[in-house]
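Just below is one structure, and these are the notes that go with it.
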2 protein chains.
Amino acid sequence: MTAATPKGERRRQALVEAAAALLVDGGFDAIRHRAVAERAGLPLASTTYYFDSLDELVTAALEFHGNAELAYGKARLDELDPRECGGDAFIELVLDLLLGPPGDGDAEAVLLRYERLVATGRRPYLRPLMRRMSGELHSLLFDIFTRAGQPVSRERVEELIALVDGAVVNALIEISPDPRAAARRMLRKAMQPR
Amino acid sequence: MTAATPKGERRRQALVEAAAALLVDGGFDAIRHRAVAERAGLPLASTTYYFDSLDELVTAALEFHGNAELAYGKARLDELDPRECGGDAFIELVLDLLLGPPGDGDAEAVLLRYERLVATGRRPYLRPLMRRMSGELHSLLFDIFTRAGQPVSRERVEELIALVDGAVVNALIEISPDPRAAARRMLRKAMQPR
DNA sequence: CCCTATCTGGTACGTCCGTACCATTAATTT
DNA sequence: AAATTAATGGTACGGACGTACCAGATAGGG
């Protein structure tokens with residue numbers, strides 16, 4: 001169900017944002033009617049009024065969060081100074097796009113991106129959305145490589161993404177996971193000139 | 001709690017196997033007291049009698065399934081004929097170790113391995129176990145490369161594993177996912193002589 | 001103004017869950 | 001055989017969940 005009134009639209013949006021916040025904090029399973037309503041400061045019934053099912057709410061939350069991530073990526077592309085992308089800085093840029101900007105809750109934040117990919121395996125209804133967002137991310141990386149004076153094939157982009165993703169997933173089982181460091185190591189090795 | 005009687009031990013084992021089967025079918029969330037009991041043909045209370053908590057049951061199931069996978073890998077290593085591991089056959093062997101033998105429920109089966117990795121991110125109590133199993137798998141692959149006359153560094157093994165894992169996770173969002181094919185493509189490219 | 005469509009929010013139903021309880025039975029030890 | 005320990009299985013409790021319901025409030029168009 002969609003809102004028909006400006007106020008209704010604002011309410012609906014508040015629910016989506018609350019759901020996205022829960023998604024970041026606790027993964028897909030954290031998105032529940034009651035939790036979303038409480039986080040948005042709205043009554044329980046508002047969640048069923050604006051969303052026909054929980055899946056719809058989950059989809060909206062994922063889309064919201066994905067768009068935010070893509071917007072961040074595009075901003076980074078726009079402000080990219082081709083003279084300043086020597087090796088290490090460029091690698092950090094790529095990591096920022098794939099893992100999000102570095103921070104305290106690093107492992108926690110990174111986890112979500114990969115939880116999303118895997119969770120999609122058991123939630124087919126998310127596939128179209130995930131495909132779209134994944135495609136845009138690939139294009140974004142392609143553009144960034146090109147702009148940085150390191151043109152690559154689309155195939156190569158996929159290869160590098162796979163390398164980073166694999167490094168991250170395998171780093172998650174460490175005692176104190178540092179997926180970003182693992183990804184950095186792999187990326188550095190793969191990108192060093194031969 | 002552990003069993004003290006042979007019959008009790010058998011019952012406990014039946015529960016572990018039922019839980020492992022559920023794990024394969026439906027992921028971690030599918031392991032619930034009632035489901036395990038029903039699958040094992042035992043009463044609900046038997047699950048709480050032999051396992052102090054659900055986490056303990058989950059851990060036992062993961063360990064059981066992991067050991068089975070490792071045993072499969074070791075068997076493949078033992079029967080390996082160094083004369084028969086030309087390019088493609090060898091690649092399939094590596095894929096078998098990392099994704100399990102190919103089959104109908106391919107995508108479904110593959111999903112579990114990656115769900116495990118990611119789920120470990122939110123279940124710290126699984127980390128020691130996962131680390132052990134992951135380490136053994138790495139060693140196994142290292143041995144196989146060596147035995148096959150393609151010696152590699154441990155670092156290179158990690159790199160190839162990451163590549164496969166990344167390819168798989170990214171393949172999961174396709175309309176009809178074929179993670180094995182995606183992994184094969186990446187692996188082939190990475191291993192072709194330069 | 002009123003009427004109608006939209007929205008609000010409290011409440012309740014049915015289900016599933018983890019876990020606990022406990023009287024009974026089986027097995028083992030003394 | 002008696003006593004002690006282990007195992008069994010039916011049942012119940014309290015909580016969380018998705019979802020439905022509905023009386024009341026609100027707001028825009030006639």
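Keep in mind that this is a model prediction, so the values were computed, not measured. Lettering follows sequence order; numbering is per chain, from 1.
Here the side chain of B:Leu54 is nearest to one of C:dT8, D:dT8, C:dT19, namely C:dT19. Considering only the side chain of B:Ala45, D:dG10 comes nearest among D:dG18, D:dG10, D:dA12. With D:dT19, D:dT8, D:dG10 as the candidates, the nucleotide lying closest to the side chain of B:Tyr50 is D:dT8. Checked against C:dT19, D:dG9, C:dT28, the side chain of B:Pro43 finds its nearest nucleotide in D:dG9.
Between A:Arg10 atom CZ and C:dT8 atom P the separation is 10 Å, expressed in whole Å. Counting to the nearest Å, the C1' atom of C:dC16 and the CZ atom of B:Arg32 are 8 Å from each other. The CZ-C1' distance, from A:Arg12 to C:dT6, rounds to 15 Å in whole Å. What separates OH of A:Tyr49 from C1' of C:dG10 is a distance of 16 Å, to the nearest Å. If you measure from atom CZ of B:Phe51 to atom P of C:dT19, you get 13 Å, rounded to the nearest angstrom. We find that CD of B:Glu56 is positioned 14 Å from C1' of C:dT19, with the value rounded to whole Å. Between A:Asp52 atom CG and D:dA20 atom C1' the separation is 13 Å, expressed in whole Å. If you take CD of A:Glu9 and P of D:dT26, they are 21 Å apart, rounded to a whole angstrom.
Residue-level contact check: B:Leu44 touches the bases, meaning some heavy atom is under 4.0 Å from a base atom.
A close approach under 4.0 Å does occur between a side-chain nitrogen or oxygen of B:Thr5 and OP1 or OP2 of C:dT28. Under 4.0 angstrom from either OP1 or OP2 of C:dC17 there lies no side-chain N or O belonging to B:His33. Distances shown here put a side-chain N or O of A:Arg11 below 4.0 Å from the OP1 or OP2 atom of C:dT8.
A:Arg123 has its side chain within reach of A:Phe28: a pair of non-hydrogen atoms, C-beta onward, lies under 4.5 Å apart. For the pair A:Asp29/B:Asp29, a side-chain contact is recorded, criterion being any heavy-atom separation below 4.5 Å from C-beta on.
When the shell of 6.0 Å around CD of B:Glu155 is examined, it contains 12 or fewer heavy atoms from other residues, nucleotides or ligands.
Judged by atom type and distance alone, A:Arg34 reaches the base of D:dG18 through a side-chain donor-acceptor pair under 3.5 Å.
Residues A:Ser139 and A:Arg154 share a closest heavy-atom pair of OG-NH2, 3.3 Å.
Taking the centre of each ring, B:Phe145 and B:Phe90 come in below the 6.0 Å mark.
Comparing A:Leu42 and B:Lys7 by the nucleotide of DNA chain C whose heavy atom lies nearest to each, the residue mapping closer to the 5' end is A:Leu42.
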